[in-house]
2 protein chains.
Amino acid sequence: MALTRFVEQLRRLGPLSEAEEQALRSLPGRYVDVPANLDFSESISSSSERILVLVEGLLASCYDTEEGERQLTALHVPGDLCDLNSLVLASKPMCLTALAPSRVYAVARGAFTDAMQRHPGLIGILWRYSSSRVLILNERVVSLGSRDARQSLCHLFCELAVRQGFSSGGVTTTYALPIKQHQLGSALGITYVHVNRTLRALREEGLVHFQHQIVTIPNWDRLTRQAGFDPGYLTGYLQ
Amino acid sequence: MALTRFVEQLRRLGPLSEAEEQALRSLPGRYVDVPANLDFSESISSSSERILVLVEGLLASCYDTEEGERQLTALHVPGDLCDLNSLVLASKPMCLTALAPSRVYAVARGAFTDAMQRHPGLIGILWRYSSSRVLILNERVVSLGSRDARQSLCHLFCELAVRQGFSSGGVTTTYALPIKQHQLGSALGITYVHVNRTLRALREEGLVHFQHQIVTIPNWDRLTRQAGFDPGYLTGYLQ
DNA sequence: CGACCGTTTGAATCACCTCAAGAGCGGTGG
DNA sequence: CCACCGCTCTTGAGGTGATTCAAACGGTCG
């Protein structure tokens, strides 16, 4: 149950043998509930030797600047493995924060590496997963560097829809996104005031509605066109 | 010779056995010279089954938006492995571009994977390398999202100094950086006009000089303080 | 020499920010 | 039950960092 969505994500990236899938599903771990607005640094999670898979809620990797600003560098939706980098490298100033009340499945690091040794194919698969997350990060760089607030917002709504499997061509797309406008701003590098104004404009144009933490996309094609969104970077097809 | 600096980078990230280092150094490949401003899409380089290590010059990963803007998502300095992601995942819209006349060492993909199979320890090492690049990418996200032009520029000069091993505490730091102001802008998400004005301001303040493609940092500590630069994310110490 | 590329600078404009204040709303306590 | 608090959303007015358009300057190369 805990890792179902995670396994689904991996399967989208490439073939997964029966044995490999079984090895993943049977990874021992425990559920941890996290209240909203709790920060838990990755270093803490790695010192307790845990790999975290988000089951429910919304997490973010974040980075606090000296000026007191907080930049969210990645959003994690259910099924995401949150701190894969900490498996091989200790990253000092990065931390995880819960944007909404969340539940994670914590796997001991040893169990994880054991599974990889017994099933070497998993290494390649997880590497591929890691690469797919890099592509998402790349896209965030493009948003922050080259898109205005309007496009960034549209793009993010598209990305999260696809990542959660909610995108659909013809009909209205709707999904829950338990995030505050303030946090949206921290992710997109703009102030919450400007997030608010931009959301209103998008709502008035009928491009996308975000209210009460629910995203409604009346016309998927129109939004993706506005956002310059190309889902190719998410599907991560094999060569 | 070709891979000396690359091996040095890897050794900074963790232990490297004699055999592993030897396996890397003896990777067969050929030198390719690339003129400035040439784009070669990663898909091309992967279809010809090549892994690229930069020997000399300056490359960038880039992404062209529909509006015709170009966002540079990563800079590659000599010793960098440029397209590690394409080893496991085909990324469609991304491409490599030469910012200056460059020389790369191209290794056949098969030779690379063979070496990894004969020396499984290399997998972890390369994974660690990949993670270290992600940390750099994270830092770029912070720059684009939370730092102004001034800080971004300072931060980039610091980062490139450390990545090339040119940073030094007390004395003046100097290194060549074959990049145009126009390309700096593409990397930092600002216009070349604003790059120019900001560089002038930094020069007048004596924080950092960038002229004729040479970076001069009179006072390393002062610059890192201004930039909010913490080299921790580059050293990537082991846990 | 003219053509070209990159740099430099000015003036006007725009996207976004800062400061500030009010409104809605659920939670808590008297 | 109402008063009060804190949190989030909302909106206004003014300011600033960065952009756009435009033009001039300097070096390099054929």
Side-chain angles (χ1 to χ4, degrees), chain A residues 35-38 58 65 67-72 97-101 143-156 176-205 208-215 226, chain B residues 35-38 58 65 67-72 97-101 143-156 176-205 208-215 226:
Chain A
N37 301 315
L38 180 69
L58 188 66
T65 64
E67 283 81 12
E69 271 191 85
R70 163 162 288 194
Q71 176 69 40
L72 305 186
T97 183
L99 303 184
S143 264
L144 290 164
S146 299
R147 296 195 253 257
D148 59 14
R150 206 190 141 71
Q151 280 190 310
S152 294
L153 231 16
C154 291
H155 198 278
L156 185 65
L177 180 61
I179 195 174
K180 313 286 184 193
Q181 293 186 2
H182 162 254
Q183 298 161 334
L184 269 179
S186 299
L188 300 177
I190 55 186
T191 60
Y192 66 94
V193 175
H194 196 55
V195 169
N196 183 286
R197 288 193 239 265
T198 309
L199 283 176
R200 176 158 59 85
L202 291 173
R203 202 182 310 136
E204 285 168 358
E205 292 176 69
V208 55
H209 295 247
F210 179 62
Q211 265 170 331
H212 311 301
Q213 308 203 325
I214 294 191
V215 179
Q226 271 287 329
Chain B
N37 300 316
L38 180 68
L58 187 66
T65 65
E67 284 80 13
E69 272 191 85
R70 163 162 289 194
Q71 176 70 40
L72 305 186
T97 183
L99 303 184
S143 264
L144 290 164
S146 300
R147 296 195 253 257
D148 59 13
R150 205 191 142 70
Q151 278 191 311
S152 294
L153 232 15
C154 291
H155 198 277
L156 185 65
L177 180 61
I179 196 173
K180 313 286 183 193
Q181 294 186 2
H182 161 255
Q183 299 162 334
L184 269 178
S186 299
L188 300 178
I190 54 186
T191 59
Y192 66 93
V193 175
H194 196 56
V195 168
N196 183 286
R197 288 194 240 266
T198 308
L199 283 176
R200 175 160 58 85
L202 291 173
R203 202 182 310 136
E204 285 168 359
E205 294 177 67
V208 55
H209 294 247
F210 178 63
Q211 266 171 330
H212 312 300
Q213 307 202 325
I214 293 189
V215 179
Q226 271 287 329

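Letters A, B, ... are given to chains in the order of the sequence lines, protein chains preceding strands, and every chain is numbered from 1.
The side chain of A:T191 contributes no N or O atom lying less than 4.0 Å from OP1 or OP2 of C:dC16. Between B:Q181 and C:dT8 there is a side-chain polar atom (N or O) within less than 4.0 angstrom of OP1 or OP2. At the phosphate of C:dT9, OP1 or OP2 sits under 4.0 Å from a side-chain N or O atom of B:R200.
A:H209 NE2 to A:L199 CG: the interatomic distance, rounded to the nearest 0.5 Å, is 11.0 Å. Put simply, CD1 on B:I190 and OG on A:S146 are 11.5 Å apart, with the number rounded to the nearest 0.5 Å. Distance check: A:Q151 CD to A:L156 CG gives 13.5 Å after rounding to the nearest 0.5 Å. For the atom pair CG of A:L144 and CG of A:L188, the computed distance is 7.0 Å after rounding to the nearest 0.5 Å. If you take OG1 on A:T191 and CD on A:Q181, they are separated by 11.0 Å, rounding to the nearest 0.5 Å.
The distance between atom NE2 of B:H194 and atom P of C:dG10, rounded to the nearest whole Å, is 15 Å. The CD atom of A:E67 sits 15 Å away from the C1' atom of C:dC17 (whole-angstrom rounding). Following rounding to the nearest Å, B:E204 (CD) and C:dT8 (P) show an atom-to-atom distance of 11 Å. Going from atom CG of B:D148 over to atom P of C:dC16 covers 16 Å, rounded to whole Å. Atom CG in B:L184 sits about 13 Å away from atom P in C:dG6, given to the nearest Å. The CG-P distance, from A:L153 to C:dA15, rounds to 16 Å in whole Å. At whole-Å resolution of the value, CD1 in B:I190 and C1' in C:dC14 are 17 Å apart. For B:R203 and C:dT7, the CZ to P distance is 11 Å, given to the nearest whole Å.
Remark: the A:R150 side chain and the A:Q226 side chain contain an N/O donor-acceptor pair separated by less than 3.5 Å.
Residues A:Q213 and A:R197 both approach DNA chain D. Their nearest nucleotides, taken by heavy-atom distance, put A:Q213 toward the 5′ side.
Across all strands, A:N196 comes closer than 4.0 Å to base atoms (heavy-atom distances). Nucleic acid contact class of B:G185 (heavy atoms, under 4.0 Å, all strands): none.
Protein chain A touches strand DNA chain D; the 5'-most and 3'-most nucleotides with an atom under 4.0 angstrom of its non-hydrogen atoms are D:dT8 to D:dA13.
In this structure, B:I179 and B:F210 have side chains that are in contact, with non-hydrogen atoms separated by less than 4.5 Å.
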